[in-house]
Amino acid sequence: MGKKRRIMEAQAPNHFSVSTVASHSHGLALANLSDLLLFPPSPASVAAMVDEPLDPPPPTPAAAAPPTPLLRPRREAFEHGLLPIPKLIFPEGTLAQTLSQLKEKLAPAAAAAGDGRVGAASLAEALQIPPDQAALAIGMLAAVLPAEDPALDAGGSGGGADLRDVLLFLYIQSYKRLVPRPHKDSPVVADVWPSTSAFDGYLSALSPIQLVRSNSRRFIPSQADEEIHQLSYLQKHMANILTLLADSVEGEGDDSLVLTMETFEHLGFLVHFSEGTSLSQAATFFANSDPDMPAAPVSAAQVHDWILQNIVSSLEFYTEKSTAKEGSQQIASDLDVTMADANTSHPRNSTTTVANPAFHRNSTFVEGFSKTSVVKHASDVKGNSVKVLNCHDSVIYILAPVKYATVYGCSDTTVVLGAVGKVIKVEHCERVHIIAAAKRICIANCRECIFYLGVNHQPLIVGDNHKLHIAPFNTYYPRLGEHLTQVGVDPSTNKWDQPFVLGVVDPHDSLSHPAGVSDVQAESATCVDPDLFTNFLIPNWFEDEVQEPTKCNPFPLPEIYQASQSKKQAVLEDTKKTIRELQLDENRKKELASALHSQFKDWLYGRIGICKKTYI
C-alpha cells in the first residue's frame, strides 16, 4: 500500500476535484485522500500521467440512431370514405380489371378538361349511377383527401376530382372493415350497457349497441388492430393499385410501367409517414430530385418493392407493440392520444406502451366514460380528429376545431362537437343527442337519437336506423365563430333538414346486417317539432378572453323555429314580470320558488330524458 501511495503522490495533479480523486483511487481508503492533497506533483510527473493512466477512460456511448419513420395507412380514407353504394363496389376478383376499364372510359373526359379531372356527370355516366350519388361520391372524396384541392369546390358538383384520386377512392370501396374482437371485460360491459331494446328490429331484433356486443360481446377493434388490417389490405392490393396508376412506356416486363413523382404523391391518399414527411421526400428514388427539373419516372416494380418494404417494417412495429401490451396486461392506449392524459383518475391513464418517437399522434380519444361530464378545449385536443367511444349517461363537450370526428357505441349521452371541418360519423348509438357544426355528417345504425345540426351538406343516413330526429343547430360558445372560420364551415348554409338516405345494408360492415339480406332504403329522420325545440346552454367554465366572442347561435334558425323561440321568450318575459309584480310575503315567495323548481325538474326530466341527472 505504501508503494502504491508513493506512486500516486508522484503523479497527482496540482488541482484535484472530488470526481478526479474518486476515479483515480478505486482501491484507496477514504483516510488516504487527505494525503493525496498534501503532495503537489512536479511537471514531469504530470506528463507521466499521460503515458501511464491508472484506469482507462470509459468508452463513449454511441449516439442513438434516429427513429425509423413508419408508414401508416390514412385512417380517414378508410373510416370516412366508404360509401354503401352497390355500384361503387366491385368484386375483388375482377376489381383491377373493372377499374382499368373505367379508367379508359373516364380518360377522354379527363383529357378534355385539360387538367386530368373528372366531374360528377362523367362519373355518373361511366358508373351508370344517379347524378346525386355521383356528386356524393365526388364530395366525399374531397372530404377525405389528405390536402385541400383548390380545383375541387366544397360541393363536389361544380368542379372535378383528379382521375388518379377517383380511381384510388373507388378501389378502396372494396375494403371490408375488421370484424370486432371479444371484449376483455365482458361482465363490466354487461353491467353498463342496455340489455334490452324497446324496438322491434327492421332487419334484426337487436338494438345497435346490442348488435355490437351480441353473443360473444364483441367489441370495437383497437386502433392498432385496424391499422394492421388496413396495412395488410394495402400490402395485398398494392401491385394492382400501382398498375392502375402507372403510365405505359416502351419496354419489356417491369420496365413498361412507370410512375412520375406527381403520380407517386397521389399515393398519399392511402398512406403517409408517421412524422409528416412526404412520400417523395422519403423515397430514395425521388429524394434527391432537382426541384428545377422534373424528376425522371420510376418503374412501378421499384415503387412496389419500396412500399412493401415499408409496410413490412410498420407491421413488425405493430407486432412488437402488441406483444409488449399483452405482456404487461394493460389496456392499450393504441397509437394515439387518449383523454386520460387529462384525467388522472381514469384507468387508461396508467397505460405504458412501447413507442417509436417518430410515430406521429394524430387522434384524440374520449373513451369509456360513464355518469360524468368531459370538457375539452382546443388546447386539450391533439391531432386533427377526435373519437368519442363507448360513453354512457354522460355529457361530452368537444369545444375545439378538428377535421374529423367519430361517435361510436354511446348511449344516453349528449355530445357537443364544436367545429368539424370534414366529416362526422355517428354509429351504433342509442338515445344520444348530437349537437354539431360541421361540413358533413354520416349517421349509421342509430336509434332514438336527436341531431341538432349546422351542416353545409346533406346529412347522410345509412344502415338500420330507427326513430331519428333532426333539428337546426341550437348552441354557441365564445370561440365557436373563430373555430368555424378555422375549419371552413359556413354558418350561412345549413342543410340540416335535407337528409340523403342510402340503403340499410352496408357492404363494408359485417355488423350492420345479417348475411344474405337484400338491401332496402334506410329509415329517414323526422324534423323536431318547433314547439319542442330548445336552445342548449354551454357553461363557460374558464371564462376565456376572446376579442370577438360568439354571443349567439351563428347558424340562422328557420323562420318557423325562430317564431317559436320568440313566442317562448315573450311568455318568459311576461311570467317574470308577473312574478316581480306579485305582493308576496317571504313564506309565499319560498312556496312559489319551490313550485317553480319542481315544475322545472319535471319538465327537464320529461324533455331531456336522456340525462337522468346533470353532471356538471
Side-chain angles (χ1 to χ4, degrees), residues 76 79-81 83 132-133 135-144 148 152-158 384-386 388 398-407 414-427 429 432-444 446 449-463 465 468-477 480-502 522 524-528 530 533 535-536 538 550 552-562:
E76 296 84 357
E79 293 175 359
H80 299 281
L83 291 173
D132 58 349
Q133 291 188 2
L136 173 65
I138 295 292
M140 193 60 71
L141 166 60
V144 296
E148 297 291 339
L152 184 60
D153 73 347
S157 56
N384 59 18
S385 68
V386 63
V388 181
I398 309 297
L399 310 181
V402 295
K403 289 184 178 181
Y404 301 93
T406 299
V407 182
T414 295
V415 181
V416 180
L417 298 168
V420 181
K422 295 291 188 178
V423 189
I424 300 171
K425 186 166 188 179
V426 183
E427 191 172 12
C429 291
V432 166
H433 285 190
I434 303 293
I435 303 172
K439 281 191 177 179
R440 296 180 180 274
I441 187 170
C442 176
I443 303 165
C446 295
C449 296
I450 303 178
F451 297 85
Y452 297 89
L453 302 177
V455 288
N456 295 160
H457 298 276
Q458 295 174 268
L460 179 61
I461 299 179
V462 300
N465 301 285
L468 303 184
H469 288 80
I470 51 177
F473 192 71
N474 67 339
T475 193
Y476 67 93
Y477 59 92
L480 177 58
E482 173 188 335
H483 292 165
L484 292 176
T485 301
Q486 187 173 337
V487 299
V489 175
D490 181 7
S492 66
T493 300
N494 192 359
K495 298 185 178 182
W496 65 274
D497 58 344
Q498 304 173 37
F500 193 114
V501 183
L502 292 177
S524 189
T526 303
C527 292
V528 170
F533 177 81
N535 289 317
F536 184 85
I538 299 176
T550 302
C552 63
N553 184 352
F555 291 86
L557 287 178
E559 184 176 349
I560 188 171
Y561 286 87
Q562 185 60 56

Supply the atom-to-atom distance [X] [atom1] to [Y] [atom2], rounded to the nearest 0.5 angstrom.
| X | Y | atom1 | atom2 | answer |
| --- | --- | --- | --- | --- |
| Asn456 | Ile441 | CG | CD1 | 12.5 Å |
| Ser524 | Ile443 | OG | CD1 | 9.0 Å |
| Ile424 | Ile398 | CD1 | CD1 | 11.0 Å |
| Asn535 | Leu557 | CG | CG | 7.0 Å |
| His483 | Leu417 | NE2 | CG | 13.0 Å |
| Asp490 | Phe555 | CG | CZ | 8.0 Å |

Please test Thr550 against Tyr477 for side chain to side chain contact (heavy atoms under 4.5 Å, CB included), starting from the C-alpha separation and ending with a verdict. CA-CA 6 Å; Thr550 302; Tyr477 59 92; over 6 Å; no
Phe500 and His457 aromatic centres sub-6.0 Å: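 Ring-ring flag for Phe500/His457: false, centres at least 6.0 Å apart.
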Sidechain-backbone polar pair: [X] side chain, [Y] backbone, donor-acceptor under 3.5 Å:
| X | Y | answer |
| --- | --- | --- |
| Asn465 | Val462 | yes |
| Asn553 | Tyr476 | no |
| Asn384 | Val402 | no |

Contacts of type side chain to side chain contact (heavy atoms under 4.5 Å, CB included), residue Thr526, not counting sequence neighbours: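 Counting only residues at least two positions away or on another chain, Thr526 forms a side chain to side chain contact (heavy atoms under 4.5 Å, CB included) with His469.
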Residues two or more places apart in sequence or in another chain: which of them pass side chain to side chain contact (heavy atoms under 4.5 Å, CB included) with Ala137?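 For Ala137 the side chain to side chain contact (heavy atoms under 4.5 Å, CB included) partners, ignoring immediate neighbours, are Leu83, Leu88, Leu123, Phe169.
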Measure across Lys439 and Val487 and return the closest heavy-atom pair with its distance rounded to 0.1 Å.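 Minimum heavy-atom separation between Lys439 and Val487: CE-O, 4.0 Å.
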Over all heavy atoms of both residues, which pair between Cys527 and Asp497 is shortest? Give the atoms and the distance, please.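 Looking at all heavy atoms of both residues, the closest pair is SG-CB, 4.3 Å.
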Identified side-chain contact (heavy atoms from CB on, under 4.5 Å) counterpart of Leu453 within the set Pro459, Pro499, Pro472: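 Running side-chain contact (heavy atoms from CB on, under 4.5 Å) over Pro459, Pro499, Pro472 with Leu453 returns exactly one hit, Pro459.
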Do [X] and [Y] make a side-chain contact, defined as non-hydrogen atoms from C-beta onward lying under 4.5 Å apart?
| X | Y | value |
| --- | --- | --- |
| Ile450 | Tyr452 | yes |
| Ile435 | Asn474 | yes |
| Val426 | Phe451 | yes |
| Cys449 | Ile434 | no |
| Leu502 | Leu136 | yes |

Take the angle between the ring planes of Phe533 and Tyr561 and call it parallel below 30°, perpendicular above 60°, tilted in between.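 Judged by the thresholds at 30° and 60°, the geometry between Phe533 and Tyr561 is perpendicular.
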What residues form a salt bridge (charged side-chain N to carboxylate O under 4.0 Å, His left out) with [X], not counting sequence neighbours?
| X | value |
| --- | --- |
| Glu76 | Arg74 |
| Glu148 | Lys422 |
| Lys425 | Glu427 |

side-chain hydrogen bond (donor to acceptor under 3.5 Å, both in side chains) partners of Gln133, counting only residues at least two apart: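 Here no residue qualifies.
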Run the numbers on Met140 and Val423 for side chain to side chain contact (heavy atoms under 4.5 Å, CB included), then give the verdict. CA-CA 9 Å; Met140 193 60 71; Val423 189; 4.3 Å; yes
From CA spacing to verdict: side chain to side chain contact (heavy atoms under 4.5 Å, CB included), Val432, Cys446: CA-CA 9 Å; Val432 166; Cys446 295; over 6 Å; no
